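One structure below.
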Amino acid sequence: MTTTTPQSIAPRGHWSTAPGRARPPGASITPNGVNFAVHAAGARGMRLVLMRAADGTAEAELPFPDGGRFGTVFTMTVPDLDPARFHYGYRVEYASGELSPILLDPYAKELAGAGNWGEQPRYRSAVLADDFDWGEDLGPRIPQDELIVYEVHVRGYTRHASSEVAQPGTYAGLREKIPYLQSLGVNCVELLPVFEFDETDNTYMSPETGEPLRNFWGYNSVGFFAPKAGYAADATPGGTARELKALVKALHAAGIAVILDVVYNHTAEGDHRGPTQSLRGLDESAYYLLDARGRPVNLTATGNTVNCNHPVTRELILDSLRYWATEYRIDGFRFDMAAILTRGTHGEPLPEPPLVEAIARDPVLAHCTLIAEASDAAGSYQVGSFPGYGRWSEWNMRYRDAIRRLLLGRPGSVAEFATRLVGSPDLYAGRGATPSVNYITCHDGLTLADWTSYDRRHNEANGEDGRDGIPDEESWNCGHEGPTNNPAILRLRAQQERNALLLLFASQGVPMLLAGDEFGRTQHGNNNAYGQDGPIGWVDWGMLGTQAGLARFTQRCIALRKAHPVLRRAAHPDGTVRAAVPYPAVSWHGEQPWQPDWSPSSTLLAAVLYQERTDAPPDCVYLAVNTGDSERTVQVPAPPPGLAWHVFADTGSSADLDGHEAGEEPLCTDIHRRLAARSTVLLVGQLPD
């Protein structure tokens, strides 16, 4: 632990102090001034450091009064303190007589001193006045089975000049893109980390320029309550909070929910060689897992592991979630490396982790979507077994792998994907389909366009000699590595992209789309762009024009899902036959109706998804996928009585490649449907014209 000696303590000056209140933790404005409350186990004493807001110069160090100590919580009220003029930090007086460096408040709602994006931060805790007018905002409250998630990096989404926004790379810039999100049809954005992080904290250099790379993704929290200042166009005090809240409010007004990708599994303090910024200096053994030598246990491949199920840390995380859910009206959370949340205070996996249950049962969070990345860097893989408590969903990595293997024609992939198509009942039996968040790509890995264009990763720009990132992503370059002008290869790539998107939006569960995949965004084969604050990591909006057909196809797939409840059922459909009902909820077919091929060598998957409705004709679709290299012909099963099959899309047909508007699909005139090699067809049952 880095410590300093107390010889340079600033004077107390004219300040008066009094014992304060232990709740709420952190700094809170009172009628008489500001109340401070901070936990520090093992501390002999505690000091409040007041700094001038203008430049961070220490103005005074005020000892917390003895009468304001309650257990391990130090409290103080500073009358007449103007939060606009002063920032603050804490110094711990240890039993050894040593004095800590100035520490950030773990509950700080604003971290000043971050500077502009790319500048070395000089963080200071700041008191934030909550003066935002939410008006009538209640949030869209979208049912889980209706969510269509769009994963977005706040800076990367609009930083490229082609975004043509007034404030590129900011919350305000993303707000300008709301009309586009509405036109695309997504109803939920999942924002990569917006907790304050230090983008200059990256040890790698660009091999091309020799310049330091950025910590672009931001999976390295400095504070759990403060929004990222570098994403704000408004640099005035409180401006970051106001700008992010304005974004959330505007998204809600457009009918779009907001999920935050949150990082509670590790922090920017790193291992024993890292900086002492906050938690380490206050109560290291409560906040972090430590080994027998007292050094951080590294289960996250980042240097430290948060001791999530320690009571003190558990309270901190719950308070953080409640704060974002109430003060920022956030609709849900995706938890990075959520398997860490299931580990005990010695790092052991817990079958009933207190924090996971507490989050699920917390009344303030009852309206929030909860999504786990059910793994960690130490080998814990809990997809399908993450403790759900009736509330948790999961990023379904099994779905990602299955859809990729299917479209590459891998042995056994037809039977495997059939299970994923109906919501992974093998993983979520008794829980329904909505715990499965289905995706083809995410920020971590190849983009969809690159999945069709590269056989191997191309990560040389990351400064790690190209060895970082996932070694094998089950990708295929369709015959040429990288960009090409070969029309046959380009056509095949276009089919594969559309095959993947069509299957994603036809699958039971919650679909998630990576921003830019709808118009062919590329990272040029880089599958670990965590440090790429440049053209590799930014969305190039110029491709929206060159890939207009793909964008149109994606838009229509989303509209199709919204128009057909049979594609978004909360329960797993099964093959139970019911009297007087023409089809079960799902039926499997092959080249002939009712004759599926489940052999390991099969390259044909065909299904009818069917749902009775009391106020409308039955809802049904027919889906067939040919993953082989040769053309196939299938006999389409008869439609339900009174309906006729219409063609929504056929990725092997020029006429139907980009799909059709919902309700305007042309009649399918041939029950013997030809399926081109590596193509997908989806038919919808409609009343005759």
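It should be emphasised that the depicted structure is a prediction, and the values quoted were computed from it without experimental measurement. Computation of the quantities below employed the complete heavy-atom set of this structure, encompassing side-chain atoms and omitting hydrogens, waters and symmetry-equivalent molecules.
Between Asp261 and Arg334 there is a salt bridge, since a side-chain N of the basic residue sits under 4.0 Å from a carboxylate O of the acidic one.
Ring to ring, His572 and Tyr428 are not that close: their centroids are 6.0 angstrom or more apart.
Proximity of Leu567 to Leu560: side-chain heavy atoms (C-beta onward) are separated by under 4.5 Å at one or more points.
Gln382 and Thr342 share a side-chain donor-acceptor pair at under 3.5 Å.
Ring pair Phe195/Trp324 is parallel by interplanar angle, where below 30° counts as parallel and above 60° as perpendicular. Under the 30°/60° scheme for interplanar angles, the aromatic rings of Trp598 and Trp588 are found to stand perpendicular. Relative orientation of the Trp395 and Tyr439 rings is tilted, given thresholds of 30° and 60° on the angle between their planes. Between Tyr264 and Phe224, the ring-plane angle classifies as perpendicular under the 30° and 60° cut-offs.
With rounding to the nearest 0.5 angstrom, the NE2 atom of His660 is 11.5 Å from the CG atom of Leu682.
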Tabulate below the donor-acceptor pairs under 3.5 Å that side-chain atoms of residues 182-194 make, not counting sequence neighbours, or state none.
unit_1 : atom_1 : unit_2 : atom_2 : d
Ser183 : OG     : Tyr180 : O      : 2.7
Asn187 : OD1    : Ile148 : N      : 2.7
Asn187 : ND2    : Glu146 : O      : 2.8

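Checking Leu407, Leu504, Asn626, Thr627 one by one against Asn499, the side chain to side chain contact (heavy atoms under 4.5 Å, CB included) holds for a single residue, Leu407.
Not one N or O on the side chain of Arg400 forms a donor-acceptor pair closer than 3.5 Å with the backbone of Asn438.
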